[in-house]
Amino acid sequence: MQTSTTHSILQRYPHLQFLLMEEKKGHSTYSDVRGTLFCEEFLPNCARNGDQVLYGYGVLSKEALLSIETWLEKEGERDFVLILDQIGDIEQLLMMEGSDRLFQREQSHLFFRLSLDDEQFCDRLAQEFPFSNIWFFNFSGDRLKGVQDYENQLRRSTHVASSTFNEITHYPKLFPSLVKNFAKLPTAFFPNHWKGAFKGVPAVICGAGPSLEANRELLDEVKDRALLIAGGSALSALSNLAGGGVAPHLGICIDPNNEEFDRLRGCQFADTPLIIASRVNPHIHELFSSPIGYLPICAGGLVEQEVELALGINQSSIFSFLDVEAMSVTSVSLSLAIYLGCNPISFAGVDLSFSGKNGYAGGVDLSGSERLSVGDYRVAQEGIGGKQTISNVNFAAEKRALERIVLAHANRQFYNLSDRGVELYGVVSGKNEQFAKTCERQYDFEGWIHTLIQDQSDTKRTKQMQQALESCLSEMKGELSQLMGLMKEYMDLLKMHRKETPKMTAILMDMKGEKAFDLFAADLFVPIEQLVCRRMRLLEEEVDPVNIEWQVWQQVYGCLEKYSESVNIGNKSSSMRKSELSAD
């Protein structure tokens, strides 16, 4: 096998030489039918729908190889990842005409799954390619069932990795919203001070699934006997139920996207106390005349934690058991109900599937929701009553998160009032009458919540928090300015010398010693470098590492400029609010 093909691929992946020494050399069976399907239907569809990463599993045909090469040539920000798990597949690839040319491309990648289990291997791939649009094709003519499970795991891993990646890379755009919401904190109420306030009181967590409409009469029946908590789009869905809306007692909003704001515009209960996270679209405040509550859920990163520390906002154990998959408004609502002491807790409209036409109840504005990502990929799940239902990767992650919370609180009872959607393990379905019987006592929830809010109302505390916020933002501004000065000096020297000098090393150490570096810059370098490398790899025949480093520093510096501008706006808002309080 002393061919140029063998030589070029093994130069890039020298560890494959050791695998080829193995005695057992199983190989996959190539299917002509699947190869034709890939070239004529799958790849054209992939190209039309915002592809970023194409995963292939098993042995390629010559036709598929040529099609992939053409696909890569048309767009520099595409990646092809070939996954092999049979040693014989490596030999077939090395012997294939054109494989050397394909894998000389920076856009092509070869991974051999050796000792890692599926989840570990998929997590590794997801960290390397944390992009929201991925496609997967099985070229093998066998092992279809096992490969389907593997594909689903890869999509779940990518969903988590891309969520984290997008949070970091979009943080500069998100930061102005954080600063504007910080300005609301001095006058906000804090539910993390309400631990056990509703001990033994039934609660209903309302989602915006189609089954919510079938629960209207039951919700109306128990609205004075169970605490109704509505998350995000459910506020609009509850407002527009056929036969009349049902007002929740608490609303929760944590999502930062513009679509969430559009959906909330359908809410007709402007006086519902609204609990927010720091990163929500600040225009949401225009839709509600109610008091605003704040939840410290670490959604705004280290800057959020720094502001909370300065303002004396105590962290709580509300969300101590939540992970990346669990940061949905439903899991936050459930966690809050548990923290408040509610029992039993029921779900209404939490379908986590496309049990209706589009997965939402009526009254929810779906305009602007056409963008698809890995989380939107459809998967089958076990539904209520044992029947399969169509869900997606995002819903599947949310289902697992809710089940983890439920299983961690076995001392409580959980019901699902919906007659469709996914089955939640640990949650009793189809026992609505049983849940209704637990709602025996009537409560004045509006008065109860009003009292809890008023107990936290203190003009002196508000002024102290306002002063602390202004001081914190001012300090951030100074720290950012100091960091940006050091970074500019480092970049000028890099441009001049095109290599690291002792002076640059000293400046780099000074930068990393600045608190602002950890708050604003540290997390940006890896994802920005991934994006820069993808954009630049086809612009130069040989990628210049110094040019890449320069581009990365330049983009990080641009992010710091945006942060500095936002802090200025925040300082002005704080000063204006301070003047208003003084006048009062």
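Along the sequence shown, residues carry numbers from 1.
Rounding to the nearest 0.5 Å places CD1 of Ile205 at 11.0 Å from CG of Leu417. Rounded to the nearest 0.5 Å, atoms CZ (Phe182) and SG (Cys472) are 8.0 Å apart. Between Ile229 atom CD1 and Cys206 atom SG the span is 8.5 Å, to the nearest 0.5 Å.
Within the 4.5 Å cutoff, side-chain heavy atoms of Val303 are placed close to those of Phe175. You'll find the side chain of Asn281 stays beyond 4.5 Å of the side chain of Leu264, heavy atoms only. Residues Lys562 and Tyr171 form no side-chain contact, since every pair of their non-hydrogen atoms from C-beta on lies 4.5 Å or further apart. With a 4.5 Å cut-off on side-chain heavy atoms, Leu340 and Lys195 do not count as touching. A 4.5 Å side-chain heavy-atom check between Glu167 and Leu174 finds at least one atom pair inside the cut-off. In this structure the side chain of Trp135 never reaches within 4.5 angstrom of the side chain of Gln52, judged on heavy atoms.
Using cut-offs of 30° and 60° on the angle between ring planes, the pair Tyr443 and Phe445 is tilted. Between Phe129 and Tyr55, the ring planes lie perpendicular to each other; the angle is over 60°, past the 30° to 60° tilted range.
The 12-atom threshold is not exceeded at CZ of Arg441, counting heavy atoms of other residues, nucleotides or ligands nearer than 6.0 Å. Within 6.0 Å of NE2 on His193 lie more than 12 heavy atoms contributed by other residues, nucleotides or ligands. Atom CD of Glu446 has 12 or fewer heavy atoms from other residues, nucleotides or ligands within 6.0 Å.
Salt bridge Lys515/Glu306: present, at least one basic N to carboxylate O contact under 4.0 Å. Using a cut-off of 4.0 Å between Lys/Arg side-chain N and Asp/Glu carboxylate O, Glu433 and Lys437 are scored as not salt-bridged. The pair Glu128-Arg124 does not count as a salt bridge, with every side-chain nitrogen at least 4.0 angstrom from each carboxylate oxygen. Under the 4.0 Å criterion applied to side-chain N and carboxylate O atoms, Glu151 and Arg156 are not assigned as salt-bridge partners.
Between Pro248 and Phe269 the shortest heavy-atom distance is CD-CD1, 3.6 Å. Here the closest non-hydrogen pair linking Cys342 and Arg412 is O-NE, 3.0 Å. The heavy-atom pair separating Leu227 from Val201 by the smallest distance is N-CG1, 4.5 Å. Between Val350 and Ser418, the shortest heavy-atom contact is N-OG, 4.2 Å.
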Just list the side-chain donor-acceptor pairs under 3.5 Å for residues 285-293, sequence neighbours left out, or say none.
residue: His285; atom: NE2; partner: Asn181; partner atom: OD1; Å: 2.8
residue: Glu286; atom: OE2; partner: His283; partner atom: ND1; Å: 2.9
residue: Ser289; atom: OG; partner: Ala270; partner atom: O; Å: 3.4
residue: Ser290; atom: OG; partner: Thr272; partner atom: O; Å: 2.6

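Between Gln381 and Thr389, the side chains place no donor N or O within less than 3.5 Å of an acceptor N or O (distance only, hydrogens not considered). Using modelled atom types and a 3.5 Å distance limit, the side chains of Ser157 and Glu119 yield no donor-acceptor pair.
Relative to the six-membered ring of Phe354, Arg378 meets both conditions, a distance below 6.0 Å and an angle of at most 45° to the axis.
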Ser564/Lys477 under side-chain hydrogen bond (donor to acceptor under 3.5 Å, both in side chains): CA gap, chis, key distance, verdict = CA-CA 6 Å; Ser564 184; Lys477 171 67 177 174; 2.6 Å; yes
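Evaluation of the salt bridge (Lys or Arg N to Asp or Glu O under 4.0 Å) test over residues 236-252, restricted to residues two or more places apart or in two chains, returns none.
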